[in-house]
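Worksheet: one structure, shown below.
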Amino acid sequence: MARKSVLASQATDFPQWYQDVLAKAELADNGPVRGTMVIRPYGYSIWERMQAELDARIKAAGVPNAYFPLFIPESYLKREAAHVEGFSPELAVVTHGGGKLLDEPVVVRPTSETIINAYFSKWIQSYRDLPFLINQWANVVRWELRPRLFLRTTEFLWQEGHTAHTTESEAREFALQILHDVYEDFMVNVLAVPILTGRKTERERFSGATTTWTCEAMMRDGKALQMGTSHELGQNFARVFNTTFLDESGKEEHVWQTSWGASSRLMGALVMAHGDDNGLRIPPLLAPVQVVVLVVRDEDGAGDKAAAITAQLSEAGLRSQLDGRTDTSFGRRVVDWELKGVPVRVEVGPRELNAGEAVLVRRDSGTKTTVPVAGLEVAVRSALDEAQAALLAEALERRRARTVEVSTVAEAEEASRTGFATIALRVLGNDGETQLNRAGVTVRLLTRLDGSLPGADEDGPDAELLAVVARAY
RNA sequence: CGGGGAGUAGCGCAGCCUGGCAGCGCACCUGCUUUGGGAGCAGGAGGUCGGGGGUUCAAAUCCCCCCUCCCCGACCA
């Protein structure tokens, strides 16, 4: 009964490990059309947890949900020059409908700024209507040249928020509020993934935005992943869609807008930020199943006892599940739950029964402790709390260890082989960014020297900014 | 689209060079024994060998064309 490895090891072949774990943990499969993805029930249950956590934060920011059409008139996209230029190569365009050639092709939304603005201009009349806030949960399509499950798929799931405000500063404030109170809070406190927040460089900015704010994290292979973005759109879309309002003095003004999104890519972040050679490690606050109860051997009523323990844990408010299988070897069952990353495992066998105990195993550390069944929920809860904190601490430490300050572009390129590099923007410059791009390295974000967010206009040769550069997914 | 690798059972692969009954491991089904870290034995089912064309008595194998997937780039959440 020697243990065989189920997954490729991360150190040997990280991309293979990623594919292995998606399959073995039953998260997703490739769809039949290149770049499409089937999200399996276990994977989807995790996504639903992400949705629930994000949605609650979005609502707390005062943004209600709505739904806009999948199909957008092609002409809408073409109105905003930078926007259409940014998206045209990745659009899916429908030319036929009902068996006939369409007069005007419709595009499958790559994002919904245009169609939402068409309705904002209809609904917004007065400063009294502002701020106008909308979020939608939807699928979008961007024809990808190089798809990867969750990280970059042709069709993906996301939420996209769209807001309109009376002033630029109010719009900026809102974009940053979403960045911090929705994205950063969720990513750090629920996903247990430490992130850097900052501003995108001009070439990394969203097509049609004036400023893009981003959340970037380091994966276990040292590469960066953009986990969410919040954009200031200025009046770009308002002008082309004529989204105006009458201000208090009766003057007609264009609204100032934001848009912001986080996608099913977060699933990839979860896998690559915490997963180890034994499978996923899901942070307890996110986990759809927080604790699984296993019957080691169904003797002396162990099966019944395990069911009772599961009920006990559920009643205590823990997301619990009983694995009552007895036709599969114990080792197999353990490996299954490790692959799925369930944070805590409770093992009940004849040995513990007599003593009124159970074995509690933490997935993140592998730590095993024997605890009394009476009050088990307290021990489980504290194990979950510790695991949540440990995953965040581990990820933070990895990022710290793999981030180096450099003072030349060549050093930045070298450091990007294993992690992040920070370099003064003044030293990097536009040419340095080009040079790094050629080597497959991008500027992930810009911050002030102390790591705080720069102003949206804090730019130019005088700005004392720091660039964080890395290879990215 | 450029460079590299690979398509053979659900998954992982051998067979191809040198043409001659389509195989192995895991998974699956049945039975028995098992169950404290991927159980054992016995029996069984499962294949247009990515697709099309060609050469040949005979093609997974040789030739031509096409398609798909993976890795590294260019586009991007």
Side-chain angles (χ1 to χ4, degrees), chain A residues 1-8 13-16 18-20 23-24 26 29-36 85-91 110-111 138-160 183 200 203-207 209 212 214-217 223-231 259-269 278-279 294-299 302-303 323 325-339 345 347-353 358-359 361 366 368 370 437-442 471-473:
Chain A
M1 289 207 209
R3 172 152 199 164
K4 283 175 279 184
S5 71
V6 181
L7 308 170
D13 190 344
F14 198 85
Q16 186 61 50
Y18 182 74
Q19 287 177 218
D20 285 353
K24 299 282 184 173
E26 300 178 354
D29 258 339
N30 279 306
V33 173
R34 177 180 165 78
T36 61
E85 190 187 330
F87 279 112
S88 58
E90 40 189 316
L91 291 181
T111 179
N139 57 338
V140 287
V141 167
R142 299 179 188 177
W143 216 261
E144 287 296 341
L145 303 175
R146 196 178 151 202
R148 272 189 244 207
L149 286 177
F150 289 123
L151 300 173
R152 194 187 293 99
T153 47
T154 284
E155 179 190 6
F156 59 94
L157 306 182
W158 76 346
Q159 58 68 216
E160 49 178 323
Y183 296 149
K200 286 292 191 186
R203 73 179 78 178
E204 299 285 334
R205 188 202 292 157
F206 171 68
S207 314
T212 291
T214 184
C215 299
E216 302 276 333
K223 288 173 79 169
L225 183 71
Q226 177 176 309
M227 291 176 63
T229 47
S230 186
H231 315 287
S259 71
W260 25 278
S263 73
S264 40
R265 171 179 273 187
L266 289 169
M267 293 289 293
N278 294 327
L294 268 68
V295 183
V296 179
R297 275 181 296 133
D298 192 7
E299 291 171 15
D323 181 353
R325 291 178 293 172
T326 50
D327 54 353
T328 309
S329 75
F330 179 68
R332 160 62 60 117
R333 288 176 276 144
V334 165
V335 168
D336 281 350
W337 291 109
E338 281 181 343
L339 282 165
R345 202 165 69 232
E347 302 172 354
V348 184
R351 211 149 70 198
E352 290 79 29
L353 270 183
V359 175
V361 189
K368 292 187 187 185
T370 302
N437 286 176
R438 273 199 286 264
V441 177
T442 48
R471 290 177 191 283
Y473 280 99

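Keep in mind that what you see is a predicted model, and the values were worked out from it rather than measured. The chains referred to below are lettered A, B, ... by the order of the sequence lines, with proteins before strands, and numbering in each begins at 1.
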Strictly distance-based, threshold 3.5 Å: is any side-chain N or O of A/Glu352 a donor or acceptor partner for the main-chain N or O of A/Gly349? yes
Among B/rG36, B/rG37, B/rA39, which nucleotide sits nearest the side chain of A/Glu338? B/rG37
Please state the C1' separation for the pair B/rC64 and B/rG2 - nearest whole angstrom. 23 Å
Please walk me through it: do A/Arg325 and A/Asp323 pass salt bridge (Lys or Arg N to Asp or Glu O under 4.0 Å)? CA-CA 6 Å; A/Arg325 291 178 293 172; A/Asp323 181 353; 2.9 Å; yes
Under 3.5 Å: donor-acceptor pair, side chain of A/Arg471, backbone of A/Ala439: yes
B/rA22 to B/rC13 separation - P atoms, rounded to the nearest Å: 24 Å
Roughly how far apart, to the nearest Å, are B/rC17 and B/rG31 at atom C1'? 45 Å
Searching all strands shown, indicate the nucleotide that pairs with B/rU61 (Watson-Crick or G-U wobble; both distances under 3.5 Å). none
Output the rounded distance in Å from CG (A/Asp13) to P (B/rG12). 14 Å
With both distances kept under 3.5 Å, what pairs with B/rA6, Watson-Crick or G-U wobble? B/rU68
Kindly assign one of parallel, tilted or perpendicular to the pair A/Trp260 and A/Tyr183, based on the angle between their ring planes and the thresholds 30° and 60°. perpendicular
In whole Å, what is the span from the CG atom of A/Asp327 to the P atom of B/rU30? 11 Å
Can you check whether A/Val296 reaches A/Arg351 side chain to side chain, under 4.5 Å on heavy atoms? no
Could you let me know what B/rC49 is paired to, Watson-Crick or G-U wobble, both distances under 3.5 Å, or none if it's on its own? none
Side chain of A/Ser264, backbone of A/Phe156: donor and acceptor closer than 3.5 Å? no
Sidechain-backbone polar pair: A/Arg333 side chain, A/Thr328 backbone, donor-acceptor under 3.5 Å: yes
pair_partner(B/rG19), Watson-Crick or wobble, both distances < 3.5 Å, evaluates to none
Taking a pair as Watson-Crick or G-U wobble with both distances under 3.5 Å, which nucleotide is matched to B/rC1? B/rG73
To the nearest angstrom, how far is A/Arg333 atom CZ from B/rU34 atom P? 16 Å
Rounding to an integer number of angstrom, what distance separates B/rC62 and B/rC16 when you compare their P atoms? 9 Å
Counting only Watson-Crick pairs (N1-N3 plus N6-O4 or O6-N4) and G-U wobbles (N1-O2, O6-N3), all under 3.5 Å, who is the partner of B/rC24? B/rG12
Identify whether any heavy atom of A/Thr111 sits under 4.0 Å from a base atom; if not, whether one sits that close to sugar-phosphate; answer base, sugar-phosphate or nothing. nothing
Within the modelled atom types, does a donor on one side and an acceptor on the other bring the side chain of A/Lys368 and the base of B/rG37 under 3.5 Å apart? yes
Can you check each nucleotide of nucleotides 70-77 of chain B against protein heavy atoms at under 4.0 Å and return B for base, S for sugar-phosphate only, - for none, in 5' to 3' order? SSBBBBBB
By the Watson-Crick or G-U definition, both distances under 3.5 Å, B/rG31 is matched with B/rC41
Determine the Euclidean distance between corresponding P atoms of B/rG43 and B/rC26; express it in Å to zero decimal places. 14 Å
Distance between the P atoms of B/rG4 and B/rG46, in whole angstroms? 41 Å
Looking only at atom P, what distance separates B/rG51 and B/rG7, rounded to whole Å? 14 Å
For A/Arg205 and A/Lys200, indicate whether the former's side chain and the latter's backbone hold a donor-acceptor pair under 3.5 Å. no
Gap in Å between the two C1' atoms, one belonging to B/rG44 and one to B/rA27, rounded: 15 Å
